[in-house]
Participant: 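This structure is in structure tokens; I'll ask about it shortly.
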Amino acid sequence: MTFKDFNFNDDLFQGISSMGFTTPTPIQEMAIPVILNGQDIIACAQTGTGKTGAYLLPVLDVIGKKDNKHHTSTLILAPTRELAQQIDQQVEGLAYFTGISSIAVFGGGDGSAYEQQRRGIQNNVNIIIATPGRLIAHLTSGVLKLNHVTHLVLDEADRMLDMGFYDDIMRIVSYLPKDRQTLLFSATMPGRIRTLAKKILNNPEQINIAISQPAVGIDQQIYRVHDAQKTPLLQTILKTGGYVSTIVFASRKEIVKSLTRELRAANLKVKAFHSDLEQKEREEILLDFKNRQLPVIIGTDALSRGIDVEGIDLVINYDVPGDPEDYIHRIGRTARAETTGTAITFVNHRDERRLKSIETLIEKPIRLMEVPDDLKSIEGPKPTEQPTKKRSNRRRWGNKGTPKKG
Ligand code: AMP
């Protein structure tokens, strides 16, 4: 199948070609005809599958054909400013020859950003890509009118609910015409997503693509370590591994911050990426990272979904992610676009069960590496100091059930 088979408008087709897309990805093959047919969809798809194109292309085609260039006809809700900006960049590329306008609307930034968003909204920009909180601010200020919206997209709906946006979403939906097409995309499908879908979708077609297996180009490795060995091992890998662009993932913001301090003290050029930073700082960090001015970035799972940078050659999991699917998201930051990369995971004794679940999901054992000799003597906790297993951890893990198979 090629993009020609969808019979898109010529100017949209030109945009697709200029973006270098030749064949549709599986989610695009499945979703585009259904969306062109006017149906609502609920789609389970991860970042990296081409999900953004799967909804943007048919929506751009439909709104491009109608004479509605003077209204805001499409609203795309996304959990984070980074994702909103990435979607906006894809709109700009794909819609370049169509004359369709778009703006990303998100919180943070200075007053001038708010003003710019307000002006865009006042000029009836065709597509608004927004984080829910900031959109509500524009709605309540009375500037934004959503009564001509024909297409509503919720991107990474599970993450929006995780971030507490349920009420905001419902409030935004109350401003929209009932007669609209609604497209919901989510990486996971917990019960609360289905509940949300029941409320805001109309007889949706369900589209599932199996959880993507890690790209074949990723060399996956684990080190069995105790906590005291983790930072020295990380330093050794960063200093001697010869990697150009590295992302280190840690489970919590506090670990991200303290680890960044320790690595800096060891003269490594690293920066932390977390939700406490101002938007400008986050953008600067990502830009430096993309431009290879910054070799190492340390962040939480929020970074695993948003970042689309080519040429990352190493991903390190400082700890094992709680959800095996998060492991695939994290390591999927390397070996993008058919290149190769390395993904290294540090596993302590408490994380063994999580590792097992990951190996079940990816259907193979991960290669065990030997801790360098000079780090072997670093002592782990004495038997009496072994941390007791936390009940909450067990419960969370137990609740997830058996991981889905690919
Ligand atoms: P997404 O899953 O939407 O975040 O897309 C991941 C990456 O794949 C983005 O950099 C897109 O530009 C790219 N992409 C999306 N669709 C295609 C396609 N059909 N062919 C090649 N690249 C694509």
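These numbers come from a predicted model, not from an experiment. Numbers here simply count residues along the sequence, with the first being 1. All ligand and atom numbering here is 1-based and tracks the order in the structure.
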Participant: Return the set of residues passing side-chain hydrogen bond (donor to acceptor under 3.5 Å, both in side chains) with Asp288 (not counting sequence neighbours), or none when no residue passes.
Facilitator: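 Counting only residues at least two positions away or on another chain, Asp288 forms no side-chain hydrogen bond (donor to acceptor under 3.5 Å, both in side chains).
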Participant: If you measure from the Lys or Arg side-chain nitrogens to the Asp or Glu carboxylate oxygens, is any gap between Arg118 and Glu115 under 4.0 Å?
Facilitator: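 Here Arg118 pairs with Glu115 in a salt bridge, since their nearest N and O are under 4.0 Å apart.
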Participant: If we set the cut-off at 4.0 Å for heavy atoms, which region of Met19 has an atom near ligand 1: side chain, backbone, both, or neither?
Facilitator: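 It is neither part, as no heavy atom is under 4.0 Å.
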Participant: Using a 3.5 Å cut-off on N or O atoms only, is Phe3 in polar contact with ligand 1?
Facilitator: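 No: no nitrogen or oxygen of Phe3 is under 3.5 Å from one in ligand 1.
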Participant: Which atoms from ligand 1 have a heavy atom of Thr23 less than 4.0 Å away?
Facilitator: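 Numbered from 1, ligand 1 contributes 18 (C), 19 (N), 20 (N).
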Participant: Heavy-atom pairs closer than 4.0 Å: do any link ligand 1 to the side chain of Gln86, the backbone, both, or neither?
Facilitator: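 For Gln86, no heavy atom sits under 4.0 Å from ligand 1.
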Participant: Whether Arg354 and Asp323 form a salt bridge (side-chain N of Lys/Arg under 4.0 Å from carboxylate O of Asp/Glu) is what I want to check.
Facilitator: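 No salt bridge links Asp323 with Arg354.
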Participant: Should Arg81 and Asp88 count as an ion pair when the cut-off is N to O under 4.0 Å?
Facilitator: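 Salt bridge absent between Arg81 and Asp88.
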Participant: Mind checking whether Thr52 has an N or O less than 3.5 Å away from an N or O of ligand 1?
Facilitator: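 Checking ligand 1 against Thr52, an N or O pair does fall under 3.5 Å apart.
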Participant: Is a salt bridge present between Arg171 and Asp167, judged by a nitrogen-to-oxygen distance below 4.0 Å?
Facilitator: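 No salt bridge links Arg171 with Asp167.
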